[in-house]
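Notes follow the structure.
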Protein chains: 2
Amino acid sequence: MNYTLEEIARLAGVSRSTVSRVINHHPNVRPEVRERVWRIIREVGYQPHAAARNLVTRRSQIVGVVIPETIPKVFSDPYFPAVLRGIFDALMERGYHLMLSLLSPPQEEDFYQRALRGRVVDGIIVLSAQVTDPLIRRAYEEGLPVVSIGRYPQEPGVSYVDADNVGGGRMATEHLLRLGWRRVATIAGPQTMAPGIDRLEGYRAALQAWGIRPSPDWIAEGDFTEAGGYMAMRRLLSARPDAVFVASDLMAMGALKALREAGLRVPEDMAIVGYDDVELAQFTDPPLTTVRQPIYELGRVAVQLLLHQLEEDVREPQRVILPTELVIRASCGALRQIGMPEWRGDLASRNSGEPGFPY
Amino acid sequence: MNYTLEEIARLAGVSRSTVSRVINHHPNVRPEVRERVWRIIREVGYQPHAAARNLVTRRSQIVGVVIPETIPKVFSDPYFPAVLRGIFDALMERGYHLMLSLLSPPQEEDFYQRALRGRVVDGIIVLSAQVTDPLIRRAYEEGLPVVSIGRYPQEPGVSYVDADNVGGGRMATEHLLRLGWRRVATIAGPQTMAPGIDRLEGYRAALQAWGIRPSPDWIAEGDFTEAGGYMAMRRLLSARPDAVFVASDLMAMGALKALREAGLRVPEDMAIVGYDDVELAQFTDPPLTTVRQPIYELGRVAVQLLLHQLEEDVREPQRVILPTELVIRASCGALRQIGMPEWRGDLASRNSGEPGFPY
DNA sequence: CTCCATGATGAGAGCGCTCTCATACATGAT
DNA sequence: ATCATGTATGAGAGCGCTCTCATCATGGAG
């Protein structure tokens, strides 16, 4: 039923060593022999026993993907599925497996001990690491390659991939400025999370580039939830902004609700730009102009970085920042001003299924 | 840096065998010796090398979770995250790891060969298996335990866990009947998918129990998407139903849109009950009465079944059907009729955060 | 006191693979 | 012809663990 190297060797009339060479594509095997061995392997459906191989190579061909439980809600946005797909596809192509860990704090110690110390995984990819992730430090000390998806500046030795949150925030804000809005406020994310910090920094940079000094009450902090966006927008109303860059679509949806309740029209009375391009952003009223991140790519690149460290035995950390993309819909008011030449080239029209923006 | 059994044995002044006994909780070790060995293990942070152990035990302590790529969209509803959590938690408790596979057809063969034949996993859990899933058959032939989440009647030997879709459909429909609606139509799911078939069967059973013969044009088939629900509802309008059981919340949202366009009020002109209790069901206008499935539990039970097969070496397939729960909100009209005694006991009020239904 | 069941321990084989080293043979330079 | 070089192959050790079997001590029954 289940063959071993030994048996394949016997069937092919060669030694175990030779079969091993064939399997591992070692050059020094006569083509004729190589053929014969492959044929037999295919015939009997032989597959090397993973554990036996791992034992001697000291590699499991398994990469751990750690998702801190802190963010269970966010799971319902397309972020995690997409990034997981990117990771999975890239791993699959390279012959690796994906071990998923949805860790809550009490499970962390156990996971660390079993999976990391027991060498179940060859390395780990950590999603949206909190500023102080004990697992990252431990893996790092353990000598296991780690890549964080999402900026992780704490541990100097850790590689990460991130979307350009600063650039995205800046792009969104400049888009509003270019459309003629001048009192551009923002609903920022929590300033304890890297995306929250970075997108706000982008907002500030845009205003500064345009010589505008934001009043402090133009900045309201939300918590990346719809409810948080709703509250933040209500606080913002007294500052009478004419446009708002909202650091997440979920918050933008809350903001839209608050505006509707306040009797303000979007974008006539107030323009809105969101962030993330969640599925629902195209169905809000009005559809949300937003910033799209290369989520799938984030996953793929994380795998590239990790396997590079792993296979080339590189230890220096690497950082990759991927560009974001503006998706123009109705909430920013741009669609009402079609034809203004100064927009050309700045606005992307690749907004999935929507009729293209007619420049 | 990384210790082996041998070294622990030396440090403890015993043989390798004894240390192995201690680790595997074999009774025949003197308490005093056991203590000493554990202390040293803890001191040096020893963890057995997984591959070495797997090689001799022929067990990897890894369970594969296979999600066919056919359903990438559905990923954005809370189903997958919740079921994955259930699986993960249950596996973690039993000392197993979760290997995730987001398989698209071209990857299937490779996965089968590497993961199943290479004995990387001890068994697999398949999510929403299509009616003809080659992986299930193969794993089964391979002698690997398989559990399907979602009914999978094709392979007689395969265990599965499922929510009670028939019961849920029936409960939803009877709820509408009990509220006094008589022309109760349905938007069914695709009749190629088990949930689609089962929920429709529940609908039929409810009508039959009430002695009502549904007209054929009371039944419209959708594809579980919002657009499909919209189209189905438009088709249904000519039949002039007064209530509709919609086999998924997503479709129900499309249906609501169609009704709004047709100028019909919900629930005054038409009552709606959905299915799934997705996050958004509480935010629709009006909030959706719907059927909630024990998704997290589905995952946990799947693990139970799988590990039972695995560890007790049971081969007979097992089937588990978990009950569903009705979540009453505004769309069915029940909230407008508070006080009718005949509802009591039939309606659950555990609808997360919503004010309880006051019976 | 002897006998044998029972408990505690160690020795050693072996899981299925990779990889180093030794060997045999072919090839080309001298 | 001689030797260095390179290629193809096999023998065998060893990865770190588990588990069977042998050994020895212990202690109650006869």
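Letters A, B, ... are given to chains in the order of the sequence lines, protein chains preceding strands, and every chain is numbered from 1. Hydrogens, waters and symmetry mates are skipped; everything else that's a heavy atom, side chains included, is used.
- Here A:Glu93 pairs with A:Arg300 in a salt bridge; the nearest charged N to carboxylate O distance falls below 4.0 Å.
- For the OP1/OP2 pair of D:dC17 and a distance below 4.0 Å, the side-chain nitrogens and oxygens of B:Tyr3 include no atom meeting the criterion.
- The CZ atom of A:Arg16 sits 17 Å away from the C1' atom of D:dA8 (whole-angstrom rounding).
- Rounding to whole angstrom units, CG of residue B:Leu55 and C1' of C:dG16 are separated by 6 Å.
- Between B:Arg21 atom CZ and C:dA11 atom P there is a gap of 11 Å when expressed in whole angstrom units.
- Nucleotide C:dC19 holds its P atom 7 Å from the CG atom of A:Asn24, rounded to whole Å.
- Place B:Val33 and B:Ala52 on DNA chain C by their nearest nucleotides, and B:Val33 ends up nearer the 5' end.
- Remark: B:Arg119 is not in phosphate contact with C:dG16, judged by side-chain N or O atoms under 4.0 Å from OP1 or OP2.
- For A:Arg39 and A:Glu35, the salt-bridge test fails: no basic side-chain N is under 4.0 Å from an acidic carboxylate O.
- In terms of phosphate contacts, B:Tyr46 brings a side-chain nitrogen or oxygen within less than 4.0 Å of OP1 or OP2 of D:dC17.
- For the pair A:Arg138 and A:Glu109, the salt-bridge criterion is met [side-chain N within less than 4.0 Å of a carboxylate O].
- Per the geometry, CG belonging to B:Asn54 stands 14 Å off C1' belonging to C:dC17, to the nearest Å.
- Across all strands, A:Ser17 comes closer than 4.0 Å to base atoms (heavy-atom distances).
- Between the P atom of C:dG16 and the NE2 atom of A:His49 lies a distance of 7 Å, rounded to the nearest Å.
- Between the CG atom of B:Asn28 and the P atom of D:dT26 there is a distance of 16 Å, rounded to whole Å.
- Put simply, the residue from B:Leu298, B:Val303, B:Val147 that forms a side-chain contact (heavy atoms from CB on, under 4.5 Å) with B:Ile87 is B:Val303.
- OP1 or OP2 of C:dA8 has not a single side-chain nitrogen or oxygen of B:Arg30 nearer than 4.0 Å.
- Remark: B:Leu103 CG to B:Glu108 CD distance equals 5.5 Å, nearest 0.5 Å.
- Checking the phosphate oxygens (OP1, OP2) of C:dT18, a side-chain nitrogen or oxygen of A:Ser20 falls inside 4.0 Å.
- Nucleotide C:dT18 holds its C1' atom 11 Å from the NE2 atom of A:His26, rounded to whole Å.
- Distances shorter than 4.0 Å separate none of the side-chain N or O atoms of A:Arg34 from OP1 or OP2 on D:dA8.
- Using modelled atom types, no side-chain atom of B:Asp164 and backbone atom of B:Leu322 make a donor-acceptor pair closer than 3.5 Å.
- The aromatic rings of B:His97 and A:Phe111 sit perpendicular, their planes meeting at an angle over 60°, well past the 30° parallel limit.
- Scanning residues 5-15 of chain B for heavy-atom distances under 4.0 Å to DNA chain D yields B:Leu5.
- Side-chain atoms of B:Thr18 and base atoms of C:dA8 include no donor and acceptor less than 3.5 Å apart.
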